[in-house]
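Step one of this worksheet: look at the structure below.
Naming convention: chains lettered A, B, ... in sequence-line order (proteins, then strands); numbering from 1 in each chain.
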Amino acid sequence: MDKPFNNKAWFLVLPVFIVVAFSAILPLMTVVNYSVQDTFGNNQFFWAGTTWFSELLASDRFHEALWRQLLFSALVLLIQIPLGVLIALCMPRKGWGVSVTLVLMALPLLIPWNVVGTIWQVFGRGDIGLLGYALNSLGFSYNYVQDVEDAWITIVVMDVWHWTSLVALLAYAGLRSIPEAYYQAARIDGASRWSIFRLIQLPKMKHVLIIAVLLRFMDSFMIYTEPFVLTGGGPGNSTTFLSIDLVKLALGQFDLGPAAAMSIVYFLIILLLSWVFYTVMTQDEDANRKEGTP
Amino acid sequence: MESLTQSFAWMAWTWQTATFFTGIVALLVFMTIWERVSPSGERHGVLGITTTRGDRLFISLLGSAYIHLAWLGVMTAELWWASIISVVYALAVFRWV
């Protein structure tokens with residue numbers, strides 16, 4: 001069997017590795033150390049073994065936050081990926097419209113997370129917010145502060161508004177990389193619009209869509225600031241996602257041991273799901289490479 | 001030595017976690033040497049995915065973490081059993097995946 005990689009390239013990423021070692025690996029090691037101990041401050045620690053992990057895995061609070069998080073990420077991916085691709089397909093390919101569209105699409109991405117939360121917090125208010133006031137005037141009883149469904153809809157729509165642009169821009173970059181000859185060949189063959197999308201555009205967008213799915217999954221699974229600013233995790237705990245629950249545990253209750261155990265489980269879930277997404281989405285490519293087809 | 005210990009006191013090291021991380025690093029060093037001595041290339045295993053030896057190590061470590069978590073969540077017996085299952089699992093991954 002052939003050796004697949006040139007390992008000398010690793011020397012080029014050595015500086016990044018060193019930076020990551022200090023910014024990620026050492027903190028991760030510290031979290032592991034905290035997860036098996038208890039502390040009351042003053043840098044004093046007491047051995048707790050696997051107690052925090054056992055308690056966490058039996059905790060209804062953790063299970064509920066995890067299911068909310070999974071549901072949120074699933075909704076985000078199911079809406080943002082197809083919508084982003086659809087927008088990319090509708091974006092102009094030449095002329096002055098290209099620049100205008102690109103700038104408009106990039107705008108939501110430039111707004112900081114806490115500002116997005118604040119914008120939607122005001123936007124959704126029934127008394128002074130445009131969205132809340134308009135919906136209430138139309139006869140809908142909309143109140144994201146007290147109604148669970150309204151809170152969820154608002155958070156999902158807010159995230160769609162904030163991040164669909166990223167998917168659209170990535171998909172657009174993928175579309176722009178397709179040579180015109182492909183479309184000419186498709187026209188000569190009399191291919192339908194759907195066939196062109198399914199057999200030319202979608203396969204050519206595959207690489208950027210893998211990046212889009214991974215980025216959107218990891219980001220939505222770690223979402224904190226926007227829902228925290230908008231609903232604070234409420235009404236009740238209905239929008240308390242894992243990250244919000246983790247911060248409550250670590251900083252609100254100062255339970256650093258249990259919070260560290262939760263961080264590790266959280267990290268392992270993200271790691272597993274990201275690996276599954278990546279593996280499933282790149283398997284065709286590996287199979288093609290093995291068969292020698294492009 | 002004392003100052004070095006003081007410098008890393010904030011990391012709250014225990015001998016158990018230090019042993020764990022030393023084991024992981026030793027495993028990575030061993031795998032690197034193994035790959036240098038005998039390059040593995042890629043393989044299509046029972047999962048239907050293409051893996052390198054490094055991929056199989058990753059699958060083994062990640063799976064072992066989940067085996068330990070599942071054991072803690074479901075079973076009441078000693079955690080060593082989960083470690084033994086993990087070793088068997090890792091051997092199976094390296095043999096068939």
For B:W13 and A:M29, run side chain to side chain contact (heavy atoms under 4.5 Å, CB included): C-alpha distance rounded to whole Å, both residues' side-chain angles, the deciding distance at 0.1 Å, then the answer. CA-CA 9 Å; B:W13 282 103; A:M29 284 174 160; 3.9 Å; yes
Which one of B:V74, B:L47, B:T14 has the most heavy-atom pairs closer than 4.5 Å to chain A? B:T14
Looking only at heavy atoms, which two atoms of A:S54 and B:L72 are closest? And how far apart? OG-CD2, 3.6 Å
Above 12 or not: heavy atoms from other molecules or residues under 6.0 Å from NZ of A:K248? yes
Just wondering, are more than 12 heavy atoms of other shown residues or ligands nearer than 6.0 Å to CZ in A:F46? yes
At a 4.5 Å cut-off on heavy atoms, which part of A:V36 comes close to chain B: side chain, backbone, both, or neither? side chain
In short, A:L57 meets B:G73 closest at the heavy-atom pair CD1-N, 3.7 Å
More than 12 heavy atoms from other groups under 6.0 Å of CH2 on A:W67: no
Side-chain atoms of residues 214-227 of chain A: list all donor-acceptor pairs with protein atoms under 3.5 Å, sequence neighbours left out, distances to 0.1 Å.
{"residue": "A:R216", "atom": "NE", "partner": "A:Q80", "partner atom": "OE1", "Å": "2.7"}
{"residue": "A:R216", "atom": "NH1", "partner": "A:D219", "partner atom": "OD2", "Å": "3.2"}
{"residue": "A:R216", "atom": "NH2", "partner": "A:D159", "partner atom": "OD2", "Å": "2.7"}
{"residue": "A:S220", "atom": "OG", "partner": "A:S73", "partner atom": "OG", "Å": "3.0"}
{"residue": "A:S220", "atom": "OG", "partner": "A:R216", "partner atom": "O", "Å": "2.8"}
{"residue": "A:S220", "atom": "OG", "partner": "A:F217", "partner atom": "O", "Å": "3.0"}
{"residue": "A:E226", "atom": "OE2", "partner": "A:H162", "partner atom": "ND1", "Å": "3.1"}

At a heavy-atom separation under 4.5 Å, does A:L26 approach chain B through its side chain, its backbone, both, or neither? both
Minimum heavy-atom separation for B:Y66 to A:L268, with atom names? OH-O, 2.7 Å
Flag yes if more than 12 heavy atoms outside B:E78 fall under 6.0 Å of its CD atom; otherwise flag no. no
Residue-level contacts of residues 15-24 of chain B with chain A, using a heavy-atom cutoff under 4.5 Å: B:Q16, B:T17, B:F21
Just how far is it from atom CD1 of B:I49 to atom OG1 of A:T279, taken to the nearest 0.5 Å? 5.5 Å
Interface residues of residues 54-63 of chain B facing chain A - non-hydrogen atoms under 4.5 Å apart: B:F58, B:I59, B:L62
Mind checking the OG1-CE spacing from A:T30 to B:M11? Nearest 0.5 Å is all I need. 3.5 Å
Contacts with chain A made by residues 80-97 of chain B (heavy-atom distance under 4.5 Å), listed by residue number: none
Would you mind checking which part of B:W71 comes under 4.5 Å of any heavy atom in chain A, side chain (CB onward), backbone (N, CA, C, O), both or neither? neither
With a 4.5 angstrom heavy-atom cut-off, which part of A:I25 approaches chain B: side chain, backbone, both or neither? neither
